[in-house]
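Being a predicted model, the structure only gives us computed values, none of them experimental. Each ligand, and each atom within it, is numbered from 1 in the order the structure gives. Numbers for residues simply follow the sequence, beginning at 1.
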Amino acid sequence: MQAPSGSPRAAVVTGGSLGIGAAIARRLGHDGFAVVIDYHAHREPADAIRQELEAAGGHATVVQADMGQIADIRNLIDTCVKTYGRIDVLVNNAGVEKPTPFLDITEDQWDQQLAVDLKGPFFATQAAAQAMKAQGGGKIINISSIHEEQPMVGNAPYCCAKGGLRMMTRTLAPELAPHHISIVNVGPGAIATPINATTLNDPVKMQALLAEIPLQRIGQPEDIANIVAWLATDQASYITGTTFFVDGGMLVNAGAL
Ligand code: BGC
């Protein structure tokens, strides 16, 4: 949907200081969005993106939030609406991943993982959708994972959260559609970001990973930013309630068959 003439469309990117979120914040900013860059612990890279966008004539604001805390989430969305007068796109990107064998997972680990990876997107979507309903529409784009679909041994809470995100999107799409709000998931495969640092720095693990990826390369954050940038345009206006996997074919890997 169009912003009133003269004012830019506005986007919030959670977890926007590093990895996939940073690439998305940068891309949306260069595409003309005013961007609210949320970070949890790493302010400096978020500020660097803001400066880069401002130097290019864009608009950006940096906000700290713990995506497991509802008050922080509301403040993040409110900041976008107060600063730019609207919120056109919410990218629920922030996530944590702490692979642990199922038999060892503690209640605290479960609570922390689900708080950031599922409760955060759920209530950020609610806060954004309230503002979007009032302004006449908007888009929610969730950065999920191939593991909303594919099991990952030793990573059960993460897979449960991403599976929840899948059903959140499918359930909310028809509920939000009457308000002209669409909601979609992007499901990355293996992407070169800090979350995969251990694998990236281990040649044996990298070789095993590449064997799982038909296109034979690890993805780059920009591979995800590209589709998010397109989903944020009006060209994607007939899409809601589904997932786009961006994984080099990892999900359809047929192994040696
Ligand atoms: C995880 C990565 C993993 C990738 C492919 C992502 O969701 O964050 O750790 O490499 O899925 O399995």
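Ligand 1 places these atoms under 4.0 Å from at least one heavy atom of Gly189: 4 (C), 5 (C), 6 (C), 11 (O). Counting the atoms of ligand 1 from 1 in the order shown, those under 4.0 Å from a heavy atom of Ile195 are 8 (O). Of all atoms in ligand 1, numbered sequentially from 1 with element shown, those under 4.0 Å from a heavy atom of Tyr158 are 1 (C), 6 (C), 7 (O), 8 (O). Close approach of ligand 1 to His147 (heavy-atom distance below 4.0 Å) involves ligand atoms 4 (C), 5 (C), 6 (C), 7 (O), 11 (O), 12 (O). Below 4.0 Å from some heavy atom of Ser145 lie the following atoms of ligand 1, by number and element: 6 (C), 7 (O), 11 (O).
Closest protein heavy atom to atom 8 (O) of ligand 1: Glu97 OE1, 2.6 Å.
Asn185 and Thr169 form a side-chain donor-acceptor contact under 3.5 Å, judged by distance and modelled atom types alone. In this model, no donor atom of one side chain and acceptor atom of the other lie less than 3.5 Å apart for Tyr39 and Thr14.
For atom 10 (O) of ligand 1, the nearest non-hydrogen atom from the set Ile218, Asn196, Ile191 belongs to Asn196.
By the 4.5 Å heavy-atom criterion applied to side chains, Gln150 and His147 are counted as neighbours. For the pair Val228/Arg27, no side-chain contact is recorded, criterion being any heavy-atom separation below 4.5 Å from C-beta on.
When non-hydrogen atoms are compared, ligand 1 lies under 4.0 Å from the side chain of Met250 (C-beta onward) but not from its backbone.
By the 6.0 Å contact criterion, CD on Gln109 is enclosed, its count of non-hydrogen atoms from other residues, nucleotides or ligands being greater than 12. Residue Gln216 qualifies as enclosed at atom CD: its count of foreign heavy atoms under 6.0 Å is above 12.
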